[in-house]
Amino acid sequence: METAPPPSILRVLFPGRFRIHGVSSVRRSGVGAWAPRGGMGGHPPGLGGTPAQDPELETCAQVLDFSDPFSTEVKPRILLMGLRRSGKSSIQKVVFHKMSPNETLFLESTNKICREDVSNSSFVNFQIWDFPGQIDFFDPTFDYEMIFRGTGALIFVIDSQDDYMEALARLHLTVTRAYKVNTDINFEVFIHKVDGLSDDHKIETQRDIHQRANDDLADAGLEKIHLSFYLTSIYDHSIFEAFSKVVQKLIPQLPTLENLLNIFISNSGIEKAFLFDVVSKIYIATDSTPVDMQTYELCCDMIDVVIDISCIYGLKEHGAGTPYDKESTAIIKLNNTTVLYLKEVTKFLALVCFVREESFERKGLIDYNFHCFRKAIHEVFEVRMKVVKSRKVQSRLQKKKAATPNGTPRVLL
Ligand SMILES: Nc1nc2c(ncn2[C@@H]2O[C@H](COP(=O)(O)OP(=O)(O)OP(=O)(O)O)[C@@H](O)[C@H]2O)c(=O)[nH]1
């Protein structure tokens with residue numbers, strides 16, 4: 001039955017599965033929640049990614065395993081550091097475990113280093129190490145050289161609602177130590193919990209922290225260290241946006257992906273396109289036009305809606321199948337003559353586009369270009385898999401070489 005669309009979101013169409021006309025409102029999710037929303041949703045069946053439901057990982061992912069020198073060779077490492085109660089574990093749980101922000105109030109303090117693999121997709125593939133608040137760099141059992149050597153990004157979390165002088169001193173110590181060991185680390189500073197600050201206060205705090213942190217580095221003769229700053233909160237999408245930017249720096253194929261997106265949008269009359277990791281709602285690439293927060297939020301909401309509805313109506317009998325597959329596609333028409341268009345790219349990736357209504361009339365062209373784009377992404381992915389495989393073979397060969405003839409492994413230096 002066709003009904004007149006309400007003014008806000010006009011219609012949501014899921015052509016491959018079913019049609020819904022006259023969706024009057026889109027329930028806003030608890031940030032990061034899968035369907036059924038609210039609370040710790042976990043992943044829908046069939047969607048892998050972060051092992052949210054693994055009881056071992058729920059308490060503390062994995063205590064450090066220093067004996068596996070190859071485990072981190074392929075996956076870049078992201079470290080979460082900062083003072084106690086700054087919000088490190090909350091960030092990890094909200095972004096990668098779909099924990100609702102309110103539930104983080106009950107998180108217990110982390111007292112040992114927790115390591116966790118995030119392997120949501122072909123591109124989003126890394127390890128997160130959550131550190132306890134106070135690390136003693138002088139503790140002989142803390143092998144910081146080994147830790148920093150394999151690190152891709154160091155996220156230092158500062159509680160903006162607290163006095164941040166101590167945090168800045170810690171930031172300086174951490175960054176200088178890490179830089180000595182590995183000059184390639186990306187240093188990312190999350191000025192966190194900004195939901196409690198007014199807009200003016202946010203800007204003032206960021207300016208102050210930026211200034212002081214860089215002054216400290218300059219005083220130590222280390223002005224070449226680049227710190228990136230982000231204003232974050234788990235109560236809105238800012239934490240996902242910040243994490244997206246951190247993760248993007250670790251994706252070697254980023255320029256290729258951006259290039260493909262640029263070609264795709266310019267040939268299809270599309271305003272903006274994001275390549276999303278559906279599980280975490282991190283966007284792993286976008287075209288080169290600027291990103292505005294509202295656009296990003298709308299994309300996140302769209303993914304939530306698609307997965308929610310798919311979970312409810314898209315599964316086969318007895319819950320068989322997956323809520324996100326090759327047929328997953330959705331169109332949402334907004335009341336400002338913009339159309340949101342979502343299409344499956346890989347098992348874990350979705351393309352979300354902003355198109356003007358008049359451009360969307362040439363949907364056939366968009367779909368044809370999308371087909372070419374998707375093919376190209378799969379090719380990039382295949383090349384990546386080949387590289388990963390050959391690295392693994394090399395690692396195994398190295399391991400074998402290091403073993404004595406009777407098979408007893410020697411210590412690898
Ligand atoms: N207002 C607000 N509170 C937050 C935010 N992120 C985390 N929190 C709260 O901060 C408190 C501490 O969070 P945790 O994640 O346990 O902090 P942590 O840095 O892991 O703490 P340790 O494990 O002791 O090092 C919790 O009560 C969270 O609910 C945020 O963005 N805004």
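Ligands are counted one by one from 1 in listed order, and the atoms in each one are counted from 1 as well.
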Please state which protein non-hydrogen atom is closest to atom 31 (O) of ligand 1 and give its distance, to 0.1 Å?
I234 N, 2.9 Å

Tell me yes or no: between the side chains of S100 and N102, is some donor less than 3.5 Å from an acceptor?
no

N/O to N/O below 3.5 Å, does that happen between S89 and ligand 1?
yes

Which ligand 1 atoms, with their elements, are less than 4.0 angstrom from a heavy-atom of D195?
1 (N), 2 (C), 30 (C), 31 (O), 32 (N)

Tell me which protein heavy atom sits closest to atom 17 (O) of ligand 1, plus the residue, atom name and distance to 0.1 Å.
G87 N, 3.1 Å

Indicate the ring-plane relationship of H210 and F229, choosing parallel, tilted or perpendicular according to the 30° and 60° boundaries.
tilted

Keeping S233 on the side-chain end and Y235 on the backbone end, is there a donor-acceptor pair under 3.5 Å?
yes

Give me the nearest non-hydrogen protein atom to atom 7 (C) of ligand 1 as residue plus atom name, then the distance to 0.1 Å.
S90 OG, 3.4 Å

Hey, does S86 sit under 4.0 Å from ligand 1 if you only count heavy atoms?
yes

Pair Y341 and F360, ring centroids less than 6.0 Å apart
yes

Under-4.0 Å heavy-atom contact with ligand 1, by part of K93 that carries it:
neither

Would you name the heavy atoms of F148 and N182 that are closest together and state the gap between them?
O-ND2, 3.0 Å

